[in-house]
Amino acid sequence: MTLEPTSAAIIQLAWARHLGLDDDAFATAAARLTNSTIDPGDPAHRITRVDESARAVVFLRLFGVSALVGPQWALDAAVGLPDTELAQHVTLLTLTRSHGGHGRGSTALFFADDLPLQQPSDDLTVSRGNPEAISLEAQCPPDDVNEVGLQGLEHRFTIMHPDEAPPTPVACGAYSEWEGILANMGVLVAPPWRRRGLGTLAASIAAHEALAAGLTLQWKADVSNTGALAMARSLGFATGGLHASVLLG
């Protein structure tokens with residue numbers, strides 16, 4: 001699905017505020033790109049902000065416009081590097097190695113302002129309770145739990161197994177309000193129940209709750225997580241960009 005122009009502007013505003021940029025930073029840069037003959041990935045077009053107190057270096061490419069935020073030494077080290085290189089986590093690690101650069105990674109960003117509604121084939125019970133989400137996490141590998149971060153997503157919708165007593169959680173779709181504008185999405189599915197459409201269903205439930213609350217949807221997926229990338233596309237999310245970051249010290 002494609003995004004409405006107003007939705008793209010809302011997403012740009014949210015990320016500008018998140019990075020400490022002027023509200024119109026991405027819109028202004030996009031307008032300059034439209035009237036320029038320079039390659040869009042050229043560093044000359046990149047938005048930069050010096051933050052000497054930053055505990056991370058952050059690179060973002062959003063709808064064709066890139067931004068880099070961090071201490072001055074990091075921005076200096078990145079001069080001349082094209083966006084395609086800065087979007088790679090290994091590049092940021094290399095640039096920040098002498099300053100203790102570590103952790104985080106590169107994520108693909110997807111967005112939606114409307115999605116087809118997924119209809120369950122059977123009657124299912126959906127819980128909004130925290131204990132059910134915690135129980136689901138206990139069934140999943142730690143790497144999956146950490147990447148999704150259900151405990152940091154305020155609104156959780158957990159699908160319960162209908163044929164077990166007591167019912168056990170099998171999948172959860174969740175979101176939290178992000179920068180007061182976007183709904184940051186996450187989905188976790190118990191390993192025995194994967195590849196059965198339950199993750200897609202749980203995501204759809206959470207997404208439509210967020211849309212009903214007036215939020216635009218945001219989905220982040222590690223660039224190496226083929227399952228999460230495929231789910232975002234199958235749900236109807238539009239590709240919006242890439243985000244890469246490293247922690248310092």
Side-chain angles (χ1 to χ4, degrees), residues 3 5-34 40-96 99-113 149 152-153 175-186 215-223 237-249:
L3 290 166
T6 52
S7 299
I10 287 171
I11 295 163
Q12 290 173 325
L13 172 61
W15 272 99
R17 291 179 176 176
H18 183 70
L19 296 178
L21 305 172
D22 292 338
D23 284 356
D24 62 350
F26 285 101
T28 301
R32 286 200 304 267
L33 276 172
T34 302
D42 192 290
H45 285 302
R46 188 178 300 144
I47 302 168
T48 59
R49 183 175 77 84
V50 175
D51 183 356
E52 296 295 357
S53 63
R55 301 184 65 182
V57 175
V58 179
F59 172 80
L60 174 71
R61 185 159 181 81
L62 185 67
F63 301 131
V65 177
S66 62
L68 182 66
V69 177
Q72 184 65 60
W73 59 261
L75 272 59
D76 292 342
V79 170
L81 292 177
D83 288 352
T84 51
E85 290 191 35
L86 281 182
Q88 299 178 36
H89 187 230
V90 66
T91 301
L92 292 185
L93 285 175
T94 301
L95 293 180
T96 60
H99 291 78
H102 65 284
R104 297 194 176 173
S106 296
T107 57
L109 301 176
F110 299 87
F111 303 96
D113 50 22
L153 302 177
Y175 77 89
S176 62
E177 192 171 303
W178 195 80
E179 293 298 324
I181 299 174
L182 305 182
N184 210 32
M185 300 281 301
L215 302 171
T216 299
L217 306 178
Q218 173 171 271
W219 183 291
K220 298 179 184 178
D222 188 282
V223 293
F237 279 78
T239 302
L242 286 167
H243 174 259
S245 64
V246 292
L247 298 171
L248 299 175

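These numbers come from a predicted model, not from an experiment. Positions are given from 1, in the same order as the sequence printed here. Just so you know, these numbers use all the heavy atoms, side chains as well, and skip hydrogens, waters and symmetry mates.
In this structure Gln72 satisfies the side-chain hydrogen bond (donor to acceptor under 3.5 Å, both in side chains) test together with Asp76, sequence neighbours excluded. Residues satisfying the side-chain contact (heavy atoms from CB on, under 4.5 Å) criterion with Ala27, sequence neighbours excluded, are Gln12. Scanning for side-chain hydrogen bond (donor to acceptor under 3.5 Å, both in side chains) contacts around Gln218 gives Trp15, Asn184, with sequence neighbours left out. Under the rule for a side-chain contact (heavy atoms from CB on, under 4.5 Å), the partners of Ala67 that lie at least two apart in sequence or sit in another chain are Leu19, Leu21, Phe26, Ile47. Looking at residues two or more places apart in sequence or on another chain, you find a side-chain contact (heavy atoms from CB on, under 4.5 Å) between Ala77 and Leu95. In this structure Thr216 satisfies the side-chain hydrogen bond (donor to acceptor under 3.5 Å, both in side chains) test with no other residue, sequence neighbours excluded. By the ring pair (Phe, Tyr, Trp, His ring centres under 6.0 Å) test, Tyr175 pairs with His155, sequence neighbours left out. Listed by chain and residue number, nothing satisfies the side-chain hydrogen bond (donor to acceptor under 3.5 Å, both in side chains) test with Asp22 (two or more places apart in sequence, or in another chain).
The two atoms that bring Ala78 and Arg46 nearest to each other are O-NH1, 3.6 Å, heavy atoms only. For the pair Ala14 and Glu179, the tightest heavy-atom approach, listed with the atom from each and the gap, is O-CG, 3.6 Å. Considering every non-hydrogen atom in both Gly70 and Ala54, the closest pair reads CA-CB, 4.3 Å. Here the shortest heavy-atom pairing between Ala87 and Leu242 reads CB-CD1, 3.9 Å.
Listed for the Thr91 side chain is a donor-acceptor partner under 3.5 Å among the backbone atoms of Glu85.
Across Thr96, Val50, Leu248, a single residue satisfies side-chain contact (heavy atoms from CB on, under 4.5 Å) together with Pro71, and that is Leu248.
Proximity of Leu109 to Phe111: side-chain heavy atoms (C-beta onward) are separated by under 4.5 Å at one or more points. Using a 4.5 Å heavy-atom threshold, the side chains of Thr6 and Asp113 count as separate.
Residue pairs meeting the ring-ring contact (aromatic ring centres under 6.0 Å, His included) criterion with at least one partner in residues 65-91, sequence neighbours excluded, are Trp73-His99. Applying the salt bridge (Lys or Arg N to Asp or Glu O under 4.0 Å) test to residues at least two apart or on different chains, the pairs with a partner in residues 11-20 are Arg17-Asp23.
For the atom pair CG of Leu86 and CG of Leu60, the computed distance is 11.5 Å after rounding to the nearest 0.5 Å. Once rounded to the nearest 0.5 Å, the distance linking CG of Leu93 with OG of Ser245 reads 9.5 Å. A distance of 4.5 Å separates CH2 in Trp178 from NE2 in His18, rounded to the nearest 0.5 Å. Annotation: the span from Leu182 atom CG to Ser7 atom OG amounts to 10.0 Å, rounded to 0.5 Å. With rounding to the nearest 0.5 Å, the separation of CG in Leu3 from CZ in Phe63 is 5.0 Å.
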